[in-house]
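For reference, the structure discussed in these notes is given below.
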Amino acid sequence: MARIIGGLTTSHIPAVGNAIHKGLQDDPYWEPFFRAYPPIRDWLGRHKPDVAINIYNDHGLGFFLDKMPTFAIGAAHEYVNEDEGWGIPQLDPFPGDPRLSWHIIESMVADEFDITSCQELPVDHGFVVPMQLFWPGAPHNADMPRTVPISANTVQHPIPTLGRALKFGRALRKAILSWPDDIKVVVLGTGGLSHQLDGERAGFINREFDRYCMDKIVDDPDELTSIGRMELVEKAGAQGTEFLMWMMMRGALGAKVVARSTNYHIPISNTGAGTMLLECTE
Ligand code: DHB
Ligand code: FE
């Protein structure tokens, strides 16, 4: 039977992809961000998950404003990374797990989540930057797991509520735990924390709100569901809605988790960067 061993969160700032490419991990500007990852990589090295469910938000590469699924799940043999114009080197394709993907899609639809299933899905920085942070050299890292990408809409309003995101994660948990193969699964929630890249509030970061979210996501994610969508935009910035990914991830982990590693750093680019390792206890 499949087991969920933990959840990982990280920002997916494109400039991080460039810093990795240029080997700037020990540079004084970058070090307080990159220091979050070695302890998590040690944990991954000890537990060696077989599959990474990567919950991210597509930013206009896989989907665009003309067609924007609320929840999409990849069901491909591999996922191709493409040039988005950020100047990050394009990575080789990431291996999928289509049998597991279809099982998850079946289970989610049976649970009344209306899923867009994607037999082809180009993956953007929201997916690949976190994979590089957790599995350096990805996709050419010997320990890198097979992947199932899940994208939720944070781009085109109306976006899902935080409550819906948490329920999605809980249904995802049920889907994974009903998979008969004896595999270990880790769930990534990528994006956030507070940031706004455009408009009058460009550069907006809310340290207090980020800290509150990082605190509550561990023991009381349900409290966060009382935050409305427009309130989320107001408090976290227009792109801080990416916190929805963290809620989806958290729902998949079960009732009780232990925070094994936590890091928060600003400024990296325009974003409050939160990194967490939440270990499952059930
Ligand atoms: C940045 C952050 C993001 O989440 C993103 O998708 C693009 C850019 C940034 O802070 O530069
Ligand atoms: Fe983003």
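We're numbering straight along the sequence, starting at 1.
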What verdict does the ring pair (Phe, Tyr, Trp, His ring centres under 6.0 Å) test give for Phe33 and Tyr37, after you've listed the backbone C-alpha separation in whole Å, the side-chain angles of each residue and the deciding distance to 0.1 Å? CA-CA 8 Å; Phe33 171 79; Tyr37 296 88; 5.3 Å; yes
Heavy-atom closest contact ([X] atom, [Y] atom, distance):
X: Leu253; Y: Gly7; result: CD2-N, 3.7 Å
X: Phe204; Y: Ala236; result: CE2-C, 3.9 Å
X: Pro158; Y: Asn153; result: O-ND2, 3.6 Å
X: Gly272; Y: Ile205; result: N-CD1, 3.9 Å
X: Thr161; Y: Leu244; result: O-CD2, 3.5 Å
X: Met249; Y: Leu188; result: CG-C, 3.9 Å

Give a yes or no on this: more than 12 heavy atoms of other residues, nucleotides or ligands lie within 6.0 Å of atom [atom1] of [X].
X: His47; atom1: NE2; value: yes
X: Glu106; atom1: CD; value: no
X: Arg229; atom1: CZ; value: yes
X: Gln90; atom1: CD; value: yes

Rounded to the nearest 0.5 Å, what separation is found between the [atom1] atom of [X] and the [atom2] atom of [Y]?
X: Thr147; Y: Ile150; atom1: OG1; atom2: CD1; answer: 11.0 Å
X: Thr116; Y: Ile73; atom1: OG1; atom2: CD1; answer: 9.5 Å
X: Asp210; Y: Leu193; atom1: CG; atom2: CG; answer: 4.5 Å
X: Met108; Y: Phe113; atom1: CE; atom2: CZ; answer: 5.0 Å
X: Arg41; Y: Ser261; atom1: CZ; atom2: OG; answer: 11.0 Å
X: Leu278; Y: Arg250; atom1: CG; atom2: CZ; answer: 6.5 Å

Verify same cluster id: [X], [Y] (apolar side-chain graph, 4.5 Å):
X: Tyr79; Y: Val129; answer: yes
X: Trp102; Y: Phe168; answer: yes
X: Val51; Y: Leu177; answer: yes
X: Ile105; Y: Val185; answer: yes
X: Leu8; Y: Ile55; answer: no

Would you check if there is a donor-acceptor pair between the side chains of [Y] and [X] at a distance under 3.5 Å?
X: Asp124; Y: His59; result: yes
X: Ser178; Y: His103; result: yes
X: Glu242; Y: Asn57; result: yes

N-O pairing of Asp222 and Arg170 below 4.0 Å: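 Result for this pair is yes, salt bridge flagged.
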Evaluation steps, side-chain contact (heavy atoms from CB on, under 4.5 Å), between Ile53 and Ile176: CA-CA 10 Å; Ile53 310 275; Ile176 297 166; 4.1 Å; yes
Would you check if the distance from the ring center of Tyr56 to the ring center of Phe127 is below 6.0 Å?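 They qualify: ring centres under 6.0 Å apart.
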Give the C-alpha distance, both sets of side-chain angles, the deciding distance and a yes or no for side-chain contact (heavy atoms from CB on, under 4.5 Å) between Val155 and Phe64. CA-CA 9 Å; Val155 174; Phe64 199 58; over 6 Å; no
